[in-house]
Amino acid sequence: MTEVVMAGGDPLTFCEAAAAKVAELIAESENPALKLRVYVSGGGCSGFQYGFSFEEDAADEDARVVRNGVTLLVDPSSLQYLAGAEIDFEDGLEGARFVIRNPNAVSTCGCGSSFSVGEPQEGQPSGSCGTAGGASSCQTSH
Amino acid sequence: MSDEPLIHAPAAPASAIVLTEAAARHVNKTLQKRGRGIGLRLAVKAAGCSGMSYAVAIADDVGELDTQFESRGVRVLVDPKSLVYVMGVEIDFVREGLNESFKFRNPNAKGTCGCGESFAA
């Protein structure tokens, strides 16, 4: 099962497969201080796009999700677009990639790296415990 | 089976489908992991920002109207509707940043967009 960490009141799921892949990449880089940052920026064919980067330092205001010893960082302005999202890693015929399943995205395009949102979410979403409908769709690792 | 046209791909003429070493390795690895399958099915579908996008799958059998190619020991199957769009394509498998994916170099493509999986013909 996945663990949901409350980050600034918003649940964000860091799937096991994603954490395992990040751990592998960090081990390859031989720098255990690295953390994975997920962020949202303007751009792409749907208006917003996701970005990933490895960083050594976290900012004070970052939300952190720790899973299996790996830290995921999200800055506050990205977090408002990622509330309830799952960060996963898919490895199959079509390739290996990090994916973000985001309930805030009303449409996606390109290869899923760009998305658009509906009503802008201001402040705390209400009733966030019902957001994901219960079931997680994280990949089960083999 | 023996009636099926089997086209062996030499050095990437426009009438063939060619896999790079990395693409062939990835397909073989996937086939091995899966434990069954006879090759790669390549198709196009209407989607994406340029009008068409590639779809890949592991093929379990040969369709009656499929054209078969072979490159680096990997069998590639193409349905008749997709055939005209994929002739001459070179399939690569590359690592970009954190991700790995197929890349298609298509002589028929007039423009590509997104992550290169969408193209206009």
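We use all heavy atoms of the structure for the numbers below, so side chains are in, but hydrogens, waters and symmetry mates are not.
Residue B:Arg34 does not touch chain A at all, counting heavy-atom pairs closer than 4.5 Å. Neither the backbone nor the side chain of B:Leu31 comes within less than 4.5 Å of any heavy atom of chain A.
Ranking B:Thr30, B:Val94, B:Leu98 against chain A, the residue ahead of the rest is B:Leu98, based on heavy-atom pairs under 4.5 Å. If you tally non-hydrogen atom pairs under 4.5 Å between each of A:Gly95, A:Ala96, A:Gly92 and chain B, the highest count goes to A:Ala96.
Taking a cutoff of 4.0 Å between a charged side-chain nitrogen and a carboxylate oxygen, B:Arg95 and A:Glu28 qualify as a salt bridge. Remark: B:Arg41 engages B:Asp66 in a salt bridge, criterion side-chain N to carboxylate O under 4.0 Å.
Shown here are the side chain to side chain donor-acceptor pair (under 3.5 Å) partners of B:Asn28, two or more places apart in sequence or in another chain: there are none.
In this model, no donor atom of one side chain and acceptor atom of the other lie less than 3.5 Å apart for B:Ser101 and B:Asn99.
Side chain of A:Asn68 to main chain of A:Val70: no donor-acceptor pair is present (N/O by atom type, distance under 3.5 Å, no hydrogens or angles). A distance-only check finds a donor-acceptor pair linking the side chain of A:Asn102 to the backbone of A:Asn104 [under 3.5 Å]. Using a distance-only test at 3.5 Å, with no hydrogens or angles considered, a donor-acceptor pair links the side chain of B:His26 to the main chain of A:Leu93. A distance-only check finds a donor-acceptor pair linking the side chain of B:Asn106 to the backbone of B:Tyr85 [under 3.5 Å].
Using non-hydrogen atoms only and a strict 4.5 Å limit, the part of residues 34-42 of chain A facing chain B consists of A:Leu36.
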